[in-house]
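Below is one structure, written out as structure tokens, with a few remarks after it.
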Amino acid sequence: MTREDYEARLAAVRNLPGGSSEHHRTYVGPVAQYDFMGATQFRLLTGLGLREDHRLMDLGCGSLRAGRFLIQYLLPGRYVGVEPNSWLWQAALADEIGEDILRLKEPLFLSDPDVTSAAIGGPVDFVVAQSIYSHTGKDLFLRSLKRLAKVINPGGQLLFTVVSPEEQKKKVPPGERATGWIYPGVVTFKEESVLKFCQRFGFTAQRLPWFHPRQTWYRATLDGSMLDETQIQAMGTGRPLFDDRFDAS
């Protein structure tokens, strides 16, 4: 495939709605933001201490929007992608990344969302769950936190997003009263609910000012560490500049 053919194929899907199963990029969200949404996760993780020798779980890795950066960055065997819709990451490997990465970096992919340290071959230092709990009811949110508490190292970090009700212009149902998996629909969770859910399983959580075009980032740890005001200022907001695709309006 030539470069022109490749870019033409991507251009052909840019107007498809997010959540569409017609292409591995469209299924995971707005195609126009596909590149940014992977890059911003990578920036957040490395800013909070991710290094190449750490082990990371990409929960709901989808079509490797963030995984394509993380797999290249981490040492072999350090990336674990969990994704029930395995066709997404398989399509990304075949069409964009190249399957040689499997030999070079030895990522582990699991289709079973029932994560345990036995399944993933040991504990992890970081977990990123971008736009997972925006599609789960309270039951699945709690179940996920319970399982993650058993696979994250004591000094590890869980970074995740939820849809906050106060930031929504459209009416979105509350996740506190929802059950099961909701996709492509979304639910909201209040900050007080998120903090209580995390506390139930030993996590200390805090809201982060890191930019997301539709959701809110949280950081949770088992060792009780919190980012103080100086650290919050040092990490910045991650807001992209010079790009009208991310205007507040």
Side-chain angles (χ1 to χ4, degrees), residues 10 13-19 25-52 54 56-74 96 126-135 157-172 175 184 186-195 198 203-221 225-249:
L10 291 183
V13 303
R14 284 201 178 113
N15 292 325
L16 292 174
R25 283 196 171 201
T26 65
Y27 190 81
V28 298
V31 182
Q33 297 174 2
Y34 184 90
D35 59 340
F36 170 79
M37 290 309 301
T40 191
Q41 293 176 67
F42 181 78
R43 291 175 60 211
L44 175 61
L45 285 159
T46 53
L48 290 175
L50 177 71
R51 296 297 177 263
E52 65 177 8
H54 285 138
L56 175 139
M57 178 191 294
D58 189 353
L59 188 60
C61 65
S63 56
L64 304 182
R65 186 167 47 181
R68 60 186 180 149
F69 298 102
L70 293 164
I71 295 171
Q72 291 281 7
Y73 175 76
L74 295 169
E96 298 197 43
F126 284 83
V127 175
V128 60
Q130 196 281 139
S131 195
I132 301 303
Y133 306 132
S134 53
H135 304 293
Q157 300 181 58
L158 164 61
L159 288 307
F160 65 93
T161 65
V162 302
V163 177
S164 299
E166 68 271 17
E167 297 176 346
Q168 294 305 301
K169 297 178 181 178
K170 298 179 181 179
K171 188 174 181 180
V172 177
V186 299
V187 295
T188 64
F189 283 102
K190 297 178 181 178
E191 181 175 359
E192 61 189 68
S193 298
V194 173
L195 300 184
C198 289
F203 288 106
T204 298
Q206 67 184 131
R207 188 169 181 162
L208 297 178
W210 194 255
F211 174 80
H212 192 295
R214 290 166 296 282
Q215 300 186 35
T216 300
W217 278 103
Y218 284 85
R219 172 181 180 267
T221 67
S225 65
M226 299 278 282
L227 297 179
D228 61 31
E229 190 58 36
T230 300
Q231 291 171 317
I232 291 291
Q233 291 178 4
M235 72 179 287
T237 67
R239 177 174 286 278
L241 305 175
F242 316 118
D243 192 336
D244 57 13
R245 290 176 294 179
F246 300 98
D247 285 347
S249 58

I'd like to check the side chain to side chain contact (heavy atoms under 4.5 Å, CB included) partners of Thr237; sequence neighbours left out, ordered by chain and number. Arg239

Nearest heavy-atom neighbours spanning Met226 and Thr204: SD-CG2, 3.3 Å

Over all heavy atoms of both residues, which pair between Leu195 and Ala205 is shortest? Give the atoms and the distance, please. CD2-O, 3.4 Å

What residues, two or more places apart in sequence or in another chain, satisfy side chain to side chain contact (heavy atoms under 4.5 Å, CB included) together with Glu192? Lys190

Identify, with sequence neighbours excluded, every residue that meets ring-ring contact (aromatic ring centres under 6.0 Å, His included) alongside His135. Trp181, Tyr183

Taking Gln206 for its side chain and Leu227 for its backbone only, find out whether a donor-acceptor pair lies under 3.5 Å. yes

Apply salt bridge (Lys or Arg N to Asp or Glu O under 4.0 Å) to Glu229 and list each qualifying residue two or more places apart in sequence or on a separate chain. none

With distance as the sole test, does Gln231 use its side chain to make a donor-acceptor pair with the main-chain N or O of Asp228 at under 3.5 Å? yes

Residues in ring-ring contact (aromatic ring centres under 6.0 Å, His included) with Tyr218, at least two apart? Phe160

Nearest atoms (heavy-atom pairs only) where Phe126 meets Leu50: CZ-N, 3.5 Å

Going by side-chain hydrogen bond (donor to acceptor under 3.5 Å, both in side chains), name the residues that satisfy it together with His212, two or more places apart in sequence or in a different chain. Gln130

By salt bridge (Lys or Arg N to Asp or Glu O under 4.0 Å), Arg207 pairs with (sequence neighbours left out) Glu166, Glu167, Glu191

Only counting residues at least two apart or in another chain, list the ones meeting side-chain hydrogen bond (donor to acceptor under 3.5 Å, both in side chains) with Gln72. none

Show which side-chain atoms of residues 36-47 pair as donor or acceptor with protein atoms under 3.5 Å away, not counting sequence neighbours.
unit_1 : atom_1 : unit_2 : atom_2 : d
Thr40  : OG1    : Trp210 : NE1    : 2.9
Gln41  : NE2    : Met37  : O      : 2.9
Thr46  : OG1    : Phe42  : O      : 2.9
Thr46  : OG1    : Arg43  : O      : 3.2

